[in-house]
Amino acid sequence: MRKAYSMSSQYKVGRLCALFSILALASSLMLTNEATYSQNSSVPRFVAPKFSSPNDVEREDKSVETDLLQNVEVEETETEPVEIQNLDDNDSLIEENLSDSSDDLGATSDEEVGDTASANVDVTKNPSGNSVEREPYDVYKENGRYFVDWKKPDLALVFTGMTNGYIEPCGCAGMERMKGGLSRRQTFLNSLREDMGWDVVTIDAGQITDGFGVQEELKFDMAMNAFQLMQYDAIGIGKGELRFPAYFLLTYTTPTSSTSPSLFTSANIGVYGYHQTYTLPYKIIEREGKKVCVVSVVCKDEALGQRDENILYEEPSKKLAELESELKKEKCDVYVLIVHGSEEETQSLAKRFSFFNYVFSSDSPSEPPAELKKINKGQGMIEVGEKGKFAIVLGLYDDGSVQYQRVALDSRFDSSPEITLLMKDYQSILKQLITTKGFRGGLGINPAKSPRADELGKYVGTQKCRSCHEDAWRVWAKSKHATAWKSLKETANPPRTFDPECIGCHVDGWNGIQCAPYADGYESEEKTPELLNVGCESCHGPGERHIAVELDSDEAAQDRIRNLMRLGSDVKKVCYACHDGDNSPEFEFDVYYPLVAHVEDADEDMKEDE
């Protein structure tokens, strides 16, 4: 049987293929890279081992703060609310997260009612720390049951897309209430094919990632391995894919052999030219005597102006008009058009090219509709939501009837061991690059100067704060902030202690929104163990200057630095920078904030405010 490639070997071979592809342009030779799976080959199922990391190693010279907590007897103390000052120059991004999260908290849809209802919340304090207890999450109560009263369809079309880099949900706060992830998606698709015995055609809109750089390329490569395992039939090229260099994208859009065509298709995007050698203008999928045609287009916007000059673009309507007669000659049973554009642009193209039965729009609400949306003269509009959290299934029957099902990829679907293994490989590559070359040399992430460095100096670690702020330290020690690193190292499967997209909200001295370190922030467990976990400086800013002035006699300087580090009125902005709807779907500020609130010299502060 054919073994699944590891991601590391796939990535290396993919890079070599990219070089060969450039040579192919000059010599007009076909690429013959055999590094990817055959689309029609059977993929063996294998069971990945459970991955765990060793316990933290105690260090003699630098003690990790969480180790010290084990011997601390924390007394119960009354706390009062405290305000937080915004720490850096991310006001607009934080405001956006706050707005999005507030919308989520106020949502009343059948998808989110159970996530945010505070009536069933009970705040409990226990010896190991404060915690919030909720009623168990019932996926069937929240999202319903799927395919109730369905007959086996003669053909099932499964639509996914707009993953935007969310290849797996953030698991540090628990997976029960989170949706999405390629791992659950494979389990869902396997259930349709193997458990239910359906004939399935899988179509993804594209927009698999939404960034650029080394980590995005690694993530994209990992995702493409996953799509091969999931046996996808067609993937549209989205605007996210156009962020990559042409040579990198060509590695995936080019058919690897006559028996292994590319999964990608686009009618109006050309990679080094409009030729099937480089990019398929459409895909025909044959399944059980039926033919499904998939065409994808990208509408113009400002982002297209930043693409690689070797990625070609023409107006969607022009290219579709050129292909129309050719597509109709195929006499397919179903025609699907993927449109990366606005809803208005989608409907306009659908109306002009009315032979398409279904139009798959990238301009989707965060949660797709519960029923099939009809446009123009009966065309079906497919919307799949955002961040890969949902799939849409159409059941097609020979009598012409159609059934529609929205599927939330929730915790009823177990993690796929195959995808977990790919995720482990992806994390291993990140670890290797960072440990050997650092964030700058390995991933091209340049540590920036902290926006408050001139005022407050460098990051020093929470343990430095304890001698003067004992009461506040005890509140912190009981909170989950004090063990935030553990959730990456021991809870996440696989561990994500070298993933910049996760590190930022679990250490001091990082920009959690930009997923990048500050120059004097956390570097590694070995070099900066004092900056592990979400400590005082994550909210109050660097502590070096504060310590220095307190050891001096300049009262004016002391007051100035204290005021800079006091927490202002932007408390929610600071919290929602990390506790957004993606990372902490059950986060409610009024419930969780009291667990970390702390005030010192409250009477004096109140007098000053007066």
Side-chain angles (χ1 to χ4, degrees), residues 59 61-69 72 79 82-90 94 447-485 503-513 516-525 527-568 570-571 573-575 577-578 596-602 604-605:
R59 302 173 180 84
D61 53 343
K62 286 186 174 182
S63 298
V64 181
E65 294 163 357
T66 52
D67 294 334
L68 297 175
L69 300 182
V72 175
T79 61
V82 63
E83 299 176 332
I84 294 183
Q85 180 181 12
N86 192 26
L87 297 180
D88 49 33
D89 55 358
N90 293 312
I94 295 176
K449 181 180 178 181
S450 167
R452 304 190 70 187
D454 291 339
E455 298 172 326
L456 300 178
K458 298 179 180 180
Y459 291 92
V460 296
T462 298
Q463 196 60 30
K464 296 284 188 180
C465 307
R466 182 181 181 184
S467 59
C468 293
H469 302 279
E470 180 71 23
D471 290 342
W473 186 90
R474 287 175 178 271
V475 173
W476 171 82
K478 292 190 300 179
S479 74
K480 291 189 176 182
H481 286 168
T483 56
W485 187 253
I503 292 173
C505 287
H506 293 257
V507 298
D508 286 344
W510 270 58
N511 185 317
I513 295 177
Y518 292 129
D520 55 341
Y522 167 82
E523 187 174 351
S524 70
E525 286 187 88
K527 294 181 180 180
T528 54
E530 72 278 6
L531 299 182
L532 291 173
N533 301 309
V534 179
C536 305
E537 295 165 299
S538 289
C539 298
H540 294 275
E544 180 189 42
R545 196 69 51 79
H546 174 56
I547 294 174
V549 298
E550 293 300 326
L551 295 175
D552 198 2
S553 58
D554 188 340
E555 293 185 1
Q558 292 173 354
D559 289 340
R560 182 175 62 84
I561 297 299
R562 289 174 188 172
N563 287 331
L564 287 173
M565 299 192 75
R566 282 196 176 102
L567 306 175
D570 293 331
V571 55
K573 289 184 180 181
V574 174
C575 293
C578 284
V596 298
H598 52 276
V599 174
E600 295 186 7
D601 299 325
E604 183 178 343
D605 286 348

Of all heavy-atom pairs between V507 and S538, which one has the smallest distance, and what is that distance? O-OG, 3.4 Å

Here the gap from D508 atom CG to H481 atom NE2, rounded to the nearest 0.5 Å, amounts to 11.0 Å

Distance check, rounded to the nearest 0.5 Å: M565 atom CE versus C465 atom SG? 7.0 Å

Donor-acceptor contact below 3.5 Å, side chain D520 vs main chain Y459: yes

How many angstroms lie between CD1 in I547 and OG in S467, if you round to the nearest 0.5 Å? 7.5 Å

Between V549 and A557 the two heavy atoms that sit nearest each other are CG1-CB, 4.2 Å

Has T528 got a side-chain atom pairing as donor or acceptor with E523's backbone, closer than 3.5 angstrom? yes

So, do H469 and H540 have ring centers that fall under 6.0 Å from each other? no

Rounded at 0.5 Å granularity, tell me how far CZ in R566 sits from CD1 in I561. 12.0 Å

Exercise: identify the closest heavy-atom pair between V534 and A484: CG2-CB, 3.7 Å

Parallel under 30°, tilted from 30 to 60°, perpendicular over 60°: which one fits the rings of Y522 and W510? tilted

NZ of K449 to CG of D454: how many Å apart, nearest 0.5 Å? 3.5 Å

Are R562 and D559 ion-paired here, with the side-chain N under 4.0 Å from a carboxylate O? yes

Please test N563 against R560 for side-chain hydrogen bond (donor to acceptor under 3.5 Å, both in side chains), starting from the C-alpha separation and ending with a verdict. CA-CA 5 Å; N563 287 331; R560 182 175 62 84; over 6 Å; no

Flag the pair E525 / L532 as yes when at least one side-chain heavy-atom distance between them is below 4.5 Å, and no otherwise. yes

Minimal heavy-atom distance between E544 and G457, with the atoms involved, is OE1-CA, 3.4 Å

Heavy atoms of C536 and T462 approach each other most closely as N-OG1, 3.1 Å

State whether cysteine residues C505 and C578 meet the disulfide criterion of an SG-SG distance below 2.5 Å. yes

Short question: side chain of N511, backbone of I513 - any donor-acceptor pair under 3.5 Å? yes

Contact summary for A477 and A482, nearest pair of heavy atoms: O-CB, 3.9 Å

Does V460 offer a backbone N or O that forms a donor-acceptor pair with the side chain of E537 under 3.5 Å? yes

Quick one: does W485's side chain have a donor or acceptor within less than 3.5 Å of a partner on L531's backbone? no

Within this structure, what is the NE2-CG distance for the pair H546 and L551, rounded to the nearest 0.5 Å? 9.5 Å

Determine whether a donor-acceptor pair (N or O, by modelled atom type, separation under 3.5 Å) exists between the side chain of Q558 and the backbone of D552. yes

